[in-house]
Amino acid sequence: MVKSDNKKIYPDKGKQMISLVICGEAGRGIQTVEMLLTRIFKLGGLNVFATKEYMSRVRGGSNSTQIIISSKKVLAPLSRIDILVPLDKLALPHLKKRIGKNTIILGEKEKILPEGEILDVPFTKIAEEIGNPIFANIVAVGLIAAIFRINQQIPLEYTRKHFLAKGEKIVQGNMIAIKKGYELASDLRKIESIAQLSIPIPDPQQHIKEEIILNGAEAVSLGAISGGCHFISAYPMSPSTGVLTFLSQHAEEFNIIAEQAEDEISAINMALGAWYTGARGMVTTSGGGFALMQEGVSLAGMLEMPVVIHLAQRPGPATGLPTRTEQGDLELALYSGHGEFPRIIYTPGGIQDLFYLTQRAFNLADEYQIPVIILTDEYLMDSYYNTAEFNLSKIKIEKYISKTKKDYRRYQLAKNGISERGIPGWGEGLVLVDSDEHDEQGRITEDLELRTKMVDKRLKKFKEIKKGEISPELIGNQEYDTLIVGWGSTYHIIKEALESLKEDKVSFLHFKQVYPLPSKTEDYLKKAKKVIMVENNATSQFSKLLKLYTGIEVAHEVLKYNGLPFFVDELIAQLEKII
Amino acid sequence: MVKSDNKKIYPDKGKQMISLVICGEAGRGIQTVEMLLTRIFKLGGLNVFATKEYMSRVRGGSNSTQIIISSKKVLAPLSRIDILVPLDKLALPHLKKRIGKNTIILGEKEKILPEGEILDVPFTKIAEEIGNPIFANIVAVGLIAAIFRINQQIPLEYTRKHFLAKGEKIVQGNMIAIKKGYELASDLRKIESIAQLSIPIPDPQQHIKEEIILNGAEAVSLGAISGGCHFISAYPMSPSTGVLTFLSQHAEEFNIIAEQAEDEISAINMALGAWYTGARGMVTTSGGGFALMQEGVSLAGMLEMPVVIHLAQRPGPATGLPTRTEQGDLELALYSGHGEFPRIIYTPGGIQDLFYLTQRAFNLADEYQIPVIILTDEYLMDSYYNTAEFNLSKIKIEKYISKTKKDYRRYQLAKNGISERGIPGWGEGLVLVDSDEHDEQGRITEDLELRTKMVDKRLKKFKEIKKGEISPELIGNQEYDTLIVGWGSTYHIIKEALESLKEDKVSFLHFKQVYPLPSKTEDYLKKAKKVIMVENNATSQFSKLLKLYTGIEVAHEVLKYNGLPFFVDELIAQLEKII
Amino acid sequence: MENLFDLEEKNIDLAWCPGCGNFGILQALKRAFTELEIKSESLVVVSGIGQAAKTPQYFKTNMFNGLHGRALPVATAIKACNPELTVIAEGGDGDMYGEGGNHFLHAIRRNPNLTNIVHNNMVYGLTKGQASPTSQLGFKTPVQVNGVFLEPFNPLAVAIALNASFVARAFIGDLEQTIEIFKEAIKHKGYALVDIFQPCVSFNKLNTHSWFKEKTFYLKGHDPSDRLAAFEQSIQTEKLPLGIFYKHPGKKTFEEGIKAYEVDKTPIINRMLDREKLRKLIKAKR
Amino acid sequence: MENLFDLEEKNIDLAWCPGCGNFGILQALKRAFTELEIKSESLVVVSGIGQAAKTPQYFKTNMFNGLHGRALPVATAIKACNPELTVIAEGGDGDMYGEGGNHFLHAIRRNPNLTNIVHNNMVYGLTKGQASPTSQLGFKTPVQVNGVFLEPFNPLAVAIALNASFVARAFIGDLEQTIEIFKEAIKHKGYALVDIFQPCVSFNKLNTHSWFKEKTFYLKGHDPSDRLAAFEQSIQTEKLPLGIFYKHPGKKTFEEGIKAYEVDKTPIINRMLDREKLRKLIKAKR
Ligand SMILES: Cc1ncc(C[n+]2csc(CCOP(=O)(O)OP(=O)(O)O)c2C)c(N)n1
Ligand SMILES: Cc1ncc(C[n+]2csc(CCOP(=O)(O)OP(=O)(O)O)c2C)c(N)n1
Ligand code: SF4
Ligand code: SF4
Ligand SMILES: [Mg+2]
Ligand SMILES: [Mg+2]
């Protein structure tokens, strides 16, 4: 754990940023505070990044949200806490290891029984004066906004909008609470540590205001809509449920059928049924649910039926830690399903990737008639930040369905392995798909020569898939001695760390597509004298994949598997030791 | 395909053997003929090996059984056919490619409309003379036994025993049929090609007679009983059902609970429940069923619950070819279940391995508290031959259960990762197991430091497992340039091929344990200038495993994935090209 | 009437045993479709794995021959994505009530407008004779060596308990009546279950053609809108009634419950993404 | 009476929301076990995943907290391997009737001597408020945005359709009666279902404590051996009866059907392999 007195290690001077953490029990307003603050900062022209860590329970326990406010974009969590707002007694013990001597603790002494120094702010008392203790958190919101010199109009307007549905009385109380917060701030700013906190608002601020702010689940969902998704079937499972929820809420608007299945087996089979008709279907699940879908994944392979699978990882095995993060299901995804057939696995690194790769997944699944897996994790799903608006002119829904002729054969032995895909009811032909080994028509066969041909047909598609591969992204110098490698959700974290390391000969290679492993991989790795793998799992699964396809051995593995993402400052410290 | 005119390539002169094939539709007596002939040859003092290839249907189609009769043991299938007994019209077209100019076809011209030369034997007419056309196949049995100069008493006695339950009339008819067969033989033996067919009965013949004869499913089942199996739950699925059937039939005798589950998910969860009580449980399934068990496998990993999984492979993906063979689920087994946890995978090479490794699987699962997978295939399950009687003095049921004390903690952080395993109702403690991440007691936890410790605890067991590993078996010269590598069911086939190749500098390395990959593997591979992999799949999955753990690249892959095992003669031809 | 569902390929080798009840069911289905003037091109038969599930291999239809036990979710999604198709989910008793039991429950709850045909031979045919969920008490098999002692699964009673919209039982020994029941089921709007007794000549020597013949009779004077009476009929064991047990015609179908179909009936597969709406939704994330 | 099932660790942090019906169920269970003089050491509670499934974490018992939906097969095997244990399979409505629906059907068919306790809050609690199979028509959630339109799953009716050996419903609003029902269920030989209404204060604002209170009443003068009457009661929707609906005490249990227990009642885990028999069996393969 890196405490806030270790400020030296991160960030470098060029970056001005504050790590603000709010901690309290589940179901007691922490989410509202986070919601309001992030939007207010953004409207105020600052970059915000928010991520949370929470327990698998509906009420009680200790959850915390970290909000990073910065002038240049910082899109990764920090161990260090600059300002901590504890909402109850459990908060300080919960975060003990991350509280340093420079951490400013803002809270109600009475409520939190602090172990260290705290700036006692009587939020509840003030709220009661306004008329209701529920306004306490809003006073805190006002106070924090004020500390960062956000124009008071911004929180006032946003709070009004936010509480509008709750009636005028609540709105008024909240407005007063915000104002009280601003009043408190003018006093607090006399304290030196607080006075130093300001972050210059970057210019042109207009830019940040026009950006969108959303979490990973929303980005996947919007990507799906943009990919022409007609159908989602899923069984709720953290951290994958957000996508089902989002698509359900916009189902009517976008002509989507969103169905909660009785189990994950049903979900994947429904999605395959949907694709069979020409609809574009997806499922969203996590490790345990995906484990149950294995036979269905194999079915997709045999039927050559497209399907898009969103797999949001959490720590396993079994139920594991349902609300935490891990990158432990890579191998399961790589080798999922019995028998042999091609697939694609994308591992988006952030909000932009999540959107564009999910969109692309639908096109590629359709084109190659294969399962495409979008491998994310809890950290990605639950984190959000302001980012450029998605550019719809860059995307296209590519259609690959053919009208059938009378003599249509679903599995005609095409040269590249990809036969025309017809759908029932469009054209004069019949569309037969079969989980048994089948002939070109799609009927069951025991012709063993044909079996070999059909296996070859399915496997040939690997070659085609290669053509559309997404190369890894090299960050840093083109000439390097040491190469840090990562995939998926660690993208921004490693990037931040790299920037801060300021090592000329160290670069970072990030994979957004892990399978098929992109062709340039070996070249990149060969150039390095030393390869360092950074992964959120215990057995370094991606190192194994690299070894398998490039023969290259990773020199160091930096692994974390306690259920949390890497913290930038923590990662920097670890990397410094081995570089 | 290798026809019988290619006799030169196999076997070498030292071996005297005949390949006899019977072919006909399902459900029409082919199984009886096979059953009788194999036992009669064995009782007559000859080695027999039998394997079949059959369609996924109950009646009709074309199935064939190959019986190899030899003086020295030959335990592998041949493409070449020396004697063919076609039972219907479809038989000759079905086997067309394997019929050569030296193939003797014995059959009823009228029934089979032969394409080539056949020795017309009016089995049905003779049977009708005896009183019933159903005796036709038995006439053939008598004829074939006679050709190989088996003492007539042997088939007479065995046939009597076999049909005893059907009543005296049937028994008498069958006895006459055998005799008629012997009469026919004395005529036929005047034909030169027939006269040449004899195989000298090896000495001491006593030895073969005392051997046991059984198929793979029986060997696994007997191994399970010997391993102390108390419980089997399974959902029927070819080719794994034989084990469920065998254990069901002997359940009462051996205090076994054999339950047909409603699905595979239930089966694996039941087996885990059984182990929890201290019973030893297993499941038996094939690829699709195993795919459904993935979440359960992961549960075993998390609970540290022992379990034995018999996975009999068939060609996939999806339903594939239900009654054919393949080695296509190795990777699924290797990476099954979400999250990270240890396991063992055995890949027996023949009847002896199947017995001893299954027996051992129960002990090791119990000792290390992990899932142990026995990876077999249809070819292994359905083939049988005479082999040495299992030596029960070599095996032991090792018990690893502790009586609990009041302060018992199921997941006490033991140094080697293995905590004492208590069971409910024995001792004063309580036994808590939890699919969530848990504390030492077994209760759900969100203590993230403990999480890391528990992951380490589970993974530490890898080290322990290594201690009991089964090294690969080297066949041939200790000094080699070329190393052929195989695993599982190809054992005897490659061994036969190797012996016939007579290449001094070529050896064969067979893996009975593929995971964890045995430590000596790299040394063996390094010694070779060239490594040749022989596998029954399309993507050479074992080559990938070798590459991953040794970095060594296989030079040639000899792959077959049409649903049939390799034929020795075919394999020899392929190997000759690349050695 | 000409049968439009025969395959053009002659001499197709049906993988069933001579005398198997499946031949009759195949014939009954082809006739029912023909008489209802359904077109092959707009018919989709979804099946699982088993002898029963091979049926759509043998006539002219679109076919989704999926996994053992999983026909119903596939069929439900097909109907939802393209309600213009006629959709059948077909399989054996093991397929639908064993491996697929959970989907059976929840498909009934969803009430998609499709027909669920279950060949009930009270045995696992394709895997060579183990007990199925509907196997009768005492039925001996190579696995159930001492005879089945589990309560036989009663699909009709369960369907009625779940308030299924159409519940019927047929016996293929009576081809004409079976055709009529099939036609009623296909015409019915909503989920329709037809559990059909089908003798397995190879593995079920207990529930033979003549056993079924003796045991069964047609419901007479029964009011299929009376759920209690239907339940009472369904739990009979001395004699087994045939015919339509229960019907609940007004019930909302799954497709009707889908918002996207409330106003516009165009199958969703034929609708385009509204980019303007999408742009707005994205902008709303500011 | 002293409660022997309280944990020694004090201040254990129960992960339930204040006011949740699960607290009452926990208390009722501990009291029922105490009153029946069951010993912690010989009690095994098997649960799945969900808020309900956490219950065995909070009292003194052997626990198998397995996978979501899979408590019943685990519990069945435990009871079969060691019939001397008292076995409970516990979970939520999603756990038992959704993910675990197939096991629910087939566990009833097997009739193991165990008690199946289902906390029915008509919602998915742990995953934050989606519809469960028992959610009522019109119930709105973040996923079922226009309200549930699937037929609610009726566990009692299905259990009765399957001829379950004991079928009851309780409401945790009435602690004392719930304890009585639990005790009857645990004492009953064979599979016993107790579906128990449990208000979820966080996610179910429709089926609240007072909703259940108003909707429910205790069965009076009902003959639990009358299957038809039980079914009739189970399909009521205006008012929801509580109590024991159906009982079938003579039914053979799963354990009784196991041949190994026919003569010798020793749990199979305590029996040794008979090497002599094994040797003979192997020799018979000559
Ligand atoms: C996941 C899975 N498990 C098991 C099987 C093997 N299997 C194929 S068909 C079948 C049951 C056949 O019985 P039923 O559904 O009643 O059909 P029938 O053959 O009697 O018509 C089984 C168990 C399979 N194909 N897939
Ligand atoms: C295979 C799998 N799918 C999904 C989940 C996520 N999940 C956990 S609990 C739950 C449902 C909770 O509802 P219920 O069983 O009714 O219990 P409650 O929380 O309401 O008591 C779900 C869907 C899971 N753990 N495992
Ligand atoms: S095994 Fe039975 S169900 Fe299957 S085809 Fe033969 S008779 Fe029909
Ligand atoms: S979410 Fe509902 S069921 Fe879960 S603990 Fe809270 S009140 Fe109880
Ligand atoms: Mg059947
Ligand atoms: Mg619930």
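The sequence lines fix the lettering, A, B, ..., with proteins before strands; numbering per chain opens at 1. Scope of the values below: all heavy atoms of this structure, side chains included, with no hydrogens, waters or symmetry mates.
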Query - Proximal component of C:Ile78, with respect to chain A [non-hydrogen, under 4.5 Å] - result: both

Query raised in the report: Is chain C contacted by the side chain of A:Leu303, its backbone, both, or neither, given a heavy-atom distance below 4.5 Å?
Result: side chain

**Report entry** Per-residue contact mode, A:Phe246 against chain C (heavy atom under 4.5 angstrom)
**Finding:** side chain

Report task. Measure from the side-chain N and O atoms of C:Lys277 to the backbone N and O of A:Phe254, and report whether any donor-acceptor pair falls under 3.5 Å. Result -> no

Query raised in the report: With a 4.5 Å heavy-atom cut-off, do A:His250 and C:Leu281 have their side chains touching?
Result: yes

Query raised in the report: Is a salt bridge present between C:Lys285 and A:Glu389, judged by a nitrogen-to-oxygen distance below 4.0 Å?
Result: no

Query raised in the report: With only heavy atoms counted, which part of C:Lys60 is less than 4.5 Å from chain A, the side chain, the backbone, both or neither?
Result: both

Query raised in the report: Under a 4.5 Å cut-off applied to non-hydrogen side-chain atoms, are A:Leu432 and C:Asn62 in contact?
Result: no

Query raised in the report: Any sub-3.5 Å donor-acceptor pair from C:Arg286's side-chain atoms to A:Glu211's backbone N or O?
Result: no

Report task. Examine whether an atom of A:His438 lies under 4.5 Å from a heavy atom of chain C, and if so say whether it belongs to the side chain, the backbone or both; otherwise answer neither. Result -> neither

Query - A:Glu262/C:Arg110 salt bridge by N-O under 4.0 Å criterion - result: yes

Query raised in the report: Within the side chain of C:Glu41, is there an N or O that forms a donor-acceptor pair under 3.5 Å with the backbone of A:Pro424?
Result: no

Requested in this report: Could you look at A:Met302 and say if it's the side chain, the backbone, both or neither that has a heavy atom under 4.5 Å from chain C?
Outcome: neither

Query raised in the report: Are side-chain heavy atoms of A:Leu272 and C:Phe64 found at a separation under 4.5 Å?
Result: yes

**Report entry** chain A-proximal positions within residues 91-107 of chain C [heavy-atom distance under 4.5 Å]
**Finding:** C:Asn102, C:His103, C:His106

Query raised in the report: Taking all non-hydrogen atoms of both residues, which atom of A:Ser435 and which atom of C:Gly66 are closest, and how far apart?
Result: OG-O, 2.7 Å

Requested in this report: Could you tell me which portion of C:Thr61 (side chain, backbone, both or neither) has an atom closer than 4.5 angstrom to a non-hydrogen atom of chain A?
Outcome: backbone

Query raised in the report: What are the two closest heavy atoms between A:Leu430 and C:Ser40, and how far apart are they?
Result: CD2-O, 3.6 Å

Query raised in the report: So which residues of residues 269-276 of chain C are in contact with chain A at a heavy-atom cut-off of under 4.5 Å?
Result: C:Ile269, C:Arg271, C:Met272, C:Leu273, C:Asp274, C:Arg275

Query raised in the report: Where on A:Ser226 is there a heavy atom nearer than 4.5 Å to chain C: the side chain, the backbone, both, or neither?
Result: both

**Report entry** Under 4.5 Å from any heavy atom of chain C - which part of A:Glu259
**Finding:** side chain

Query raised in the report: A:Phe231 versus chain C, heavy atoms under 4.5 Å apart: side chain, backbone, both or neither?
Result: side chain

Query raised in the report: Using a cut-off of under 4.5 Å for heavy-atom pairs, which of A:Leu299, A:Asp436, A:Ile256 has the most such pairs with chain C?
Result: A:Leu299

Query raised in the report: Highest number of heavy-atom pairs under 4.5 Å with chain C: which of A:Leu222, A:Ile423, A:Ile268?
Result: A:Leu222

Requested in this report: Run the salt-bridge test on C:Glu9 and A:Arg443 with the 4.0 Å N-O cut-off and return the result as yes or no.
Outcome: yes

